[in-house]
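Below: one structure, written as C-alpha cells.
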Amino acid sequence: QVQLVESGGGLVQPGGSLRVSCAASGRTFSGSAMGWFRQAPGKEREFVCAINWGDGGTLYADSVKGRFTISRDNAKNTVYLQMNSLKPEDTAVYYCAASRSKVAPTLQSLYDYWGQGTQVTVSS
C-alpha cells in the first residue's frame with residue numbers, strides 16, 4: 001500500500017518559521033518527483049513547490065519564492081518543506097504528493113499519490 005504521511009503542522013505567528021515533513025513508503029519515493037500543495041479555506045488547492053528525483057531541481061510558486069524551501073532525503077524517504085517569514089495568507093492545509101515522473105510537474109493531475117494533509121495556521 002502506498003502511503004504519504006505529513007507531519008509538523010501547527011500554529012505559528014506571522015514572521016515565524018515552520019518545517020513540515022512527508023514520509024513516503026517504499027516505491028512511492030524512489031524515482032518520484034515530489035510536490036507540496038495547499039488549500040486555504042474556501043479556495044482551490046494550489047501548487048506550492050516541487051522537487052525532481054535525481055538532480056534535485058526545484059520549482060516554486062511566486063507567492064512562496066524566497067521564503068519556502070523544499071528538500072528531500074532519499075535515504076529516509078522523506079521530503080521537507082521549510083517555511084520562513086510566514087504570513088497569515090499562508091494559512092492552509094498542506095499536502096504532499098508523489099508523481100511517477102522524475103521531473104516535478106506543477107499540475108495536480110500529474111501527481112499520483114497524496115497525503116492526508118497537515119494544517120498550518122499563521123496567526124497572532
Side-chain angles (χ1 to χ4, degrees):
Q1 187 73 17
V2 172
Q3 279 194 318
L4 298 174
V5 180
E6 301 98 336
S7 61
L11 173 65
V12 61
Q13 292 188 342
S17 298
L18 198 64
R19 189 177 80 161
V20 293
S21 304
C22 173
S25 64
R27 288 179 56 87
T28 309
F29 204 77
S30 178
S32 295
M34 301 294 294
W36 285 98
F37 292 78
R38 67 185 181 185
Q39 187 167 21
K43 293 188 176 181
E44 297 289 320
R45 189 162 58 184
E46 64 177 3
F47 171 79
V48 176
C49 57
I51 186 166
N52 296 345
W53 172 263
D55 66 5
T58 56
L59 291 171
Y60 294 92
D62 288 344
S63 58
V64 306
K65 202 171 294 183
R67 300 188 298 121
F68 289 13
T69 303
I70 186 172
S71 61
R72 64 190 296 161
D73 185 335
N74 294 335
K76 296 183 178 179
N77 282 3
T78 301
V79 62
Y80 303 98
L81 178 62
Q82 177 67 44
M83 300 180 285
N84 298 329
S85 302
L86 282 160
K87 305 174 182 180
E89 51 263 43
D90 294 318
T91 295
V93 177
Y94 283 72
Y95 298 90
C96 77
S99 171
R100 291 193 179 100
S101 171
K102 291 180 173 54
V103 177
T106 60
L107 294 177
Q108 296 184 50
S109 60
L110 297 179
Y111 285 85
D112 305 285
Y113 305 102
W114 292 82
Q116 82 290 348
T118 186
Q119 176 70 47
V120 173
T121 302
V122 185
S123 174
S124 55

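T91 is listed as a side-chain neighbour of Q119, based on a closest heavy-atom distance under 4.5 Å. Using a 4.5 Å cut-off on side-chain heavy atoms (C-beta onward), Y60 and T69 make contact. Contact annotation: the side chain of I70 never approaches that of R72 to less than 4.5 Å [non-hydrogen atoms, C-beta and beyond]. Within the 4.5 Å cutoff, the side chain of V12 has no heavy atoms near those of the S17 side chain. Side-chain contact between L81 and C49: present, with at least one pair of heavy atoms (C-beta onward) separated by less than 4.5 Å. In this structure, V20 and E6 have side chains that are not in contact, with every pair of non-hydrogen atoms separated by 4.5 Å or more.
Partners of K102 by side-chain contact (heavy atoms from CB on, under 4.5 Å), not counting sequence neighbours, listed by chain and number: W53. Every residue meeting the side-chain hydrogen bond (donor to acceptor under 3.5 Å, both in side chains) condition with D90, not counting sequence neighbours, appears here in chain and number order: R38, R67.
Residues S21 and Y80 come closest through the heavy atom pair OG-CD2, 3.3 Å. L59 and T106 get closest at one heavy-atom pair: CD1-CG2, 3.9 Å. Shortest non-hydrogen contact noted between V5 and Q116 is CA-OE1, 3.8 Å.
Cluster annotation: V120 and F47 are assigned to distinct hydrophobic clusters (Ile/Leu/Val/Met/Phe/Trp/Tyr, side-chain heavy-atom contacts under 4.5 Å, transitive). Taken together through direct or relayed side-chain contacts under 4.5 Å among Ile, Leu, Val, Met, Phe, Trp and Tyr, Y113 and V48 form part of one hydrophobic cluster. Hydrophobic clustering places V93 together with F37 (ILVMFWY residues linked when any side-chain heavy atoms are closer than 4.5 Å, directly or through intermediates). At a threshold of 4.5 Å between side-chain heavy atoms, the hydrophobic network of Ile, Leu, Val, Met, Phe, Trp and Tyr places V64 and V79 in one connected group.
Atom CD of E44 has 12 or fewer neighbouring heavy atoms from other residues, nucleotides or ligands inside a 6.0 Å radius. When the shell of 6.0 Å around NZ of K43 is examined, it contains 12 or fewer heavy atoms from other residues, nucleotides or ligands.
Using a 30° and 60° split on the angle between ring planes, Y94 and F68 fall in the tilted class, from 30° to 60°. Taking the six-membered ring where the residue is Trp, W114 and Y95 present perpendicular rings, their angle passing 60° and hence far from 30°.
Within the 3.5 Å criterion, the main-chain N or O of L110 finds a donor-acceptor partner in the side chain of S99.
Pairs of residues two or more places apart, or lying in two chains, that qualify as salt bridge (charged side-chain N to carboxylate O under 4.0 Å, His left out) and include a residue from residues 109-124 are R100-D112.
Summarising the geometry, atom OG belonging to S32 is positioned 11.5 Å from atom CG belonging to N52; distances are rounded to the nearest 0.5 Å.
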